Amino acid sequence: MDRLEEILAANKAFVANGKHDYTEEDIAASKLPKKKMAIFTCMDTRLTEILEPAMGIQRGDAKIIRTVGNYLTGEFDAVIRSLMVAIYELGVEEIFVVGHYECGMAKTTADSLAAAMRAHGVSEGAIAKIHGELETWANAFRDPVENVKDAVAKIAGNPYIPKNIKVHGLMIHPRTGKLNVIQTAADKPVSGEAAGQEPSSKQQWLDWTVKIQSLAQAGLHYGRDRFDLERYQELRDIAAAMMAAQADLPLAKVKDLFCNETGYQTPKIDTRAAIFQEDKILLVHESTGKWSLPGGWCDVDQSVADNTVKEVKEEAGLDVAITRVIAIDDWRRHNRCNNPYGIIKIFSLCKVLGGSFHPNIETTEAAYFSEQELPQNIALEKNSLDQIHRCFVAHRTPDWKTTMD
């Protein structure tokens with residue numbers, strides 16, 4: 001039996017055993033959401049039969065819009081058009097953007113989609129025609145939490161959505177159904193962009209700026225002609241000025257951070273340790289007031305393993321041994337893009353051998369948290385919520401295979 005036949009057989013049984021007492025009143029009210037709310041969420045199959053009960057939603061209560069990664073692509077895309085109908089025709093007064101942890105869209109890129117399209121026989125001409133849009137869309141999605149914030153900001157600031165419509169942002173765990181509030185309608189917009197502006201626009205400029213700087217740096221290192229060297233230096237100065245303007249920082253500070261290396265530019269290495277106790281993960285409370293997995297920049301004289309062990313000792317006071325590598329992540333695809341250079345983040349599962357926490361210049365506290373009770377003030381630029389949840393999955397999966405961008 002093929003899938004269509006299976007569906008039709010199931011439908012026949014459903015209709016035979018279904019209710020047939022639908023009243024005229026039910027029919028008249030069926031298109032109007034009883035709770036006057038719309039939910040914009042992801043098409044992930046794990047949300048089926050968990051999203052609605054987790055939110056207390058029953059049949060007929062709300063309009064539900066699903067897209068890949070609950071991602072908005074424009075000021076007047078299909079999602080906005082659906083919300084307009086929901087508001088102006090169906091009486092919706094409140095919108096909930098609901099993202100989810102462990103979202104596969106965080107690993108999708110324009111290149112990975114293009115490769116899969118080729119494998120399925122799509123022509124190079126057709127791929128080239130949309131590749132720019134693929135980059136703007138697929139490459140912009142890196143962290144599910146940040147995507148929820150951006151979606152809330154774009155909906156709340158959209159010129160076609162009335163200002164009296166409340167817009168909230170939530171994250172749901174696809175296995176437990178636990179909801180975390182990311183933003184409420186009473187909060188100020190948290191997106192770094194102006195409301196309604198595409199978040200990828202500024203990031204694209206940052207990417208271009210970083211690329212120009214890296215090319216100039218390589219030219220200064222490998223070039224021999226003095227006129228070429230002058231041009232490369234001028235390009236580097238322009239890149240620094242562009243970065244300063246976008247980051248709203250003094251030019252001298254940007255040059256110190258952004259143009260402080262010689263030779264061929266390579267990413268920096270950041271190591272993070274995942275340590276568990278009774279299915280709770282260890283986080284350290286930084287002097288900045290945020291929580292993070294213990295870790296930091298890999299010192300020039302340290303291997304990845306040695307640096308991971310060293311950082312845990314310095315920040316958490318524990319002696320540990322690495323048991324497996326959980327993930328090797330490109331920071332631009334998972335974390336807040338707030339650095340003018342590339343970063344490779346390596347997450348390792350560790351076991352405790354001994355030691356105890358002592359306050360230090362970097363951290364004031366260390367504590368274990370369950371997956372459902374993570375603190376709100378996570379240092380997302382160091383470890384996103386999705387990365388932390390991935391550590392939980394790796395901890396529970398004996399045959400976990402390292403993920404790598």
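For clarity, every value in this text was computed on a predicted model and none was experimentally measured.
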Check your understanding: For the rings on H100 and H173, is their centre-to-centre separation under 6.0 Å?
Key -> no

Check your understanding: Within the side chain of T402, is there an N or O that forms a donor-acceptor pair under 3.5 Å with the backbone of V325?
Key -> yes

Point to revise | Between K149 and N147, a side-chain donor and acceptor under 3.5 Å | key: no

Point to revise | Taking every non-hydrogen atom, the tightest pair across W400 and I326 | key: NE1-O, 3.0 Å

Exercise for review: Take atom CD of E234 as the centre, draw a 6.0 Å sphere, and report whether it contains more than 12 heavy atoms from other residues, nucleotides or ligands.
Suggested key: no

Review point. Which of these passes salt bridge (charged side-chain N to carboxylate O under 4.0 Å, His left out) with E371: K280, K178, R396?
Key: R396

Review point. Of W291, F392, F276, which meets ring pair (Phe, Tyr, Trp, His ring centres under 6.0 Å) against F369?
Key: W291

Check your understanding: What residues form a side-chain hydrogen bond (donor to acceptor under 3.5 Å, both in side chains) with S82, not counting sequence neighbours?
Key -> none

Revision key, fill the gap. Exactly one candidate in D270, D301, T271 meets side chain to side chain donor-acceptor pair (under 3.5 Å) with N307; the answer is T271

Point to revise | Closest contact, heavy atoms only, N158 versus E75 | key: ND2-O, 2.8 Å

Check your understanding: Is there a donor-acceptor pair closer than 3.5 Å between any side-chain N or O of T397 and the backbone N or O of A394?
Key -> no

Check your understanding: Does any donor atom in the side chain of T67 or N70 lie under 3.5 Å from an acceptor atom in the other side chain?
Key -> no

**Study point:** Criterion side chain to side chain contact (heavy atoms under 4.5 Å, CB included) on Y368 and I275, from CA distance to verdict
**Key:** CA-CA 9 Å; Y368 287 91; I275 303 165; 3.9 Å; yes

Exercise for review: Start with the C-alpha gap between I39 and I65, add the side-chain angles, then the distance that decides, and say whether side chain to side chain contact (heavy atoms under 4.5 Å, CB included) holds.
Suggested key: CA-CA 6 Å; I39 299 170; I65 304 164; over 6 Å; no

Review point. Considering all heavy atoms of both residues, which atom of E94 and which atom of F96 are nearest to each other, and what is their separation?
Key: CG-CE1, 3.9 Å

Review point. Between D319 (side chain) and K313 (backbone), is there a donor-acceptor pair under 3.5 Å?
Key: no

Point to revise | Cationic tip of K154 above Y71 ring, under 6.0 Å, 45° of axis | key: yes

